[in-house]
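Below is one structure, written out as structure tokens, with a few remarks after it.
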Amino acid sequence: MSASRRPVGSKDVFLNVPFDAAYEKLFVALISTVVAARLVPRCAVELPERGQGQLSRILSLLERCSLSIHDLSRPRRFNMPFELGLAVFLQQRHRHQFIVMESGLHRGTHTPSDLRSLAPILHGNSARKLISRLLDNLGGAKPADAERIYRKLTAVVPAIKADYRVDDIFRKTIFNELVSGAIEEAEQAGMED
Amino acid sequence: MSTAAKKKNPGPARMPKAKLVRERVASFSEIRSALNLRRAESYKIHKLLAAAGK
């Protein structure tokens with residue numbers, strides 16, 4: 001793991017989230033918020049398997065990001081707390097930062113006990129709360145602007161899924177569609193300085 | 001250290017977490033470039049968004 005591979009001040013933000021249908025709206029909210037804040041959303045769905053293994057691909061992507069966001073509100077994948085552990089390592093050894101999010105319901109049951117002293121962002125499974133509380137941390141945009149992007153994207157998600165003949169949005173093609181759409185909406189709203 | 005001395009020399013400021021991350025923000029073209037996104041017209045979502053906006 002070489003520090004030189006991770007650009008200092010990278011604008012890339014790694015999204016460590018559950019890939020399940022119930023999380024789709026919050027995933028769209030995260031993409032909308034990160035783009036509105038003019039940071040680069042990155043996610044494991046971008047990474048095609050080319051024989052190097054899932055862990056190696058995720059670690060490589062995480063290393064490139066100066067910030068990672070870990071939503072432990074419903075960690076269906078055991079990998080999620082593990083990936084948070086990788087982020088903690090990078091924070092301790094390099095200039096990485098991370099944000100932990102939880103729903104607020106059954107709080108603390110999913111967060112590793114070593115990290116319970118941190119103050120997670122509690123979104124209550126609400127996209128609106130996620131947007132406002134995450135932007136409170138990131139800055140760079142008004143919640144109303146990110147909410148507008150979120151509402152536009154959410155409205156077209158069913159059509160996008162139908163176009164690609166897929167049942168979920170946790171795929172590279174859909175991720176790229178959503179980011180491209182979020183950028184266009186942000187540009188149209190005049191959010192570029 | 002007295003209050004007056006503290007005012008003169010408050011010590012190193014603690015950089016807020018978000019500020020450290022946001023030393024630089026990306027332009028939207030940089031976000032496209034970082035993700036290797038193609039031209040907007042090649043994505044289906046743009047037609048859908050335009051249709052939804054009508």
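Sequence lines set the chain letters: A, B, ... in the order given, protein chains first and strands last, and positions in each chain run from 1. The structure displayed is predicted, hence computed values, not measured ones.
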May I ask you to list the residues in residues 153-161 of chain A that approach chain B closer than 4.5 angstrom, counting heavy atoms only, ordered by number?
Leu153(A), Val156(A), Ala159(A), Ile160(A)
Identify the residues of residues 179-187 of chain A whose heavy atoms come closer than 4.5 Å to a heavy atom of chain B, ordered by number, or report 'none'.
Val179(A), Ser180(A), Gly181(A), Ile183(A), Glu184(A), Glu185(A), Ala186(A), Glu187(A)
Please name the pair of heavy atoms, one in [X] and one in [Y], separated by the smallest distance, quoted to 0.1 Å.
X        : Y        : answer
Val25(B) : Ala37(A) : CG1-O, 4.0 Å
Val35(A) : Phe28(B) : O-CE2, 3.5 Å
Ala34(B) : Arg42(A) : O-NH1, 3.8 Å

Looking at residues at least two apart in the chain, or sitting in another chain, which of them share a side-chain contact (heavy atoms from CB on, under 4.5 Å) with Arg151(A)?
Glu147(A), Arg148(A)
Pairing residues for Phe82(A) by the side-chain contact (heavy atoms from CB on, under 4.5 Å) criterion, not counting sequence neighbours:
Leu55(A), Leu86(A)
So, the part of Ile174(A) with a heavy atom under 4.5 Å from chain B: the answer is neither
side-chain contact (heavy atoms from CB on, under 4.5 Å) evaluation trace for Glu46(A) with Leu35(B):
CA-CA 9 Å; Glu46(A) 294 176 60; Leu35(B) 292 171; 3.5 Å; yes
Side-chain ion pair, Lys44(B) and Glu177(A), N-O less than 4.0 Å
no
Part of Leu37(B) within contact of chain A (heavy atom distance under 4.5 Å):
side chain
Would you say Leu39(A) and Ile31(B) make side-chain contact, with heavy atoms under 4.5 Å?
no
Rounded to the nearest 0.5 Å, how far does OG1 of Thr173(A) lie from OH of Tyr43(B)?
9.5 Å
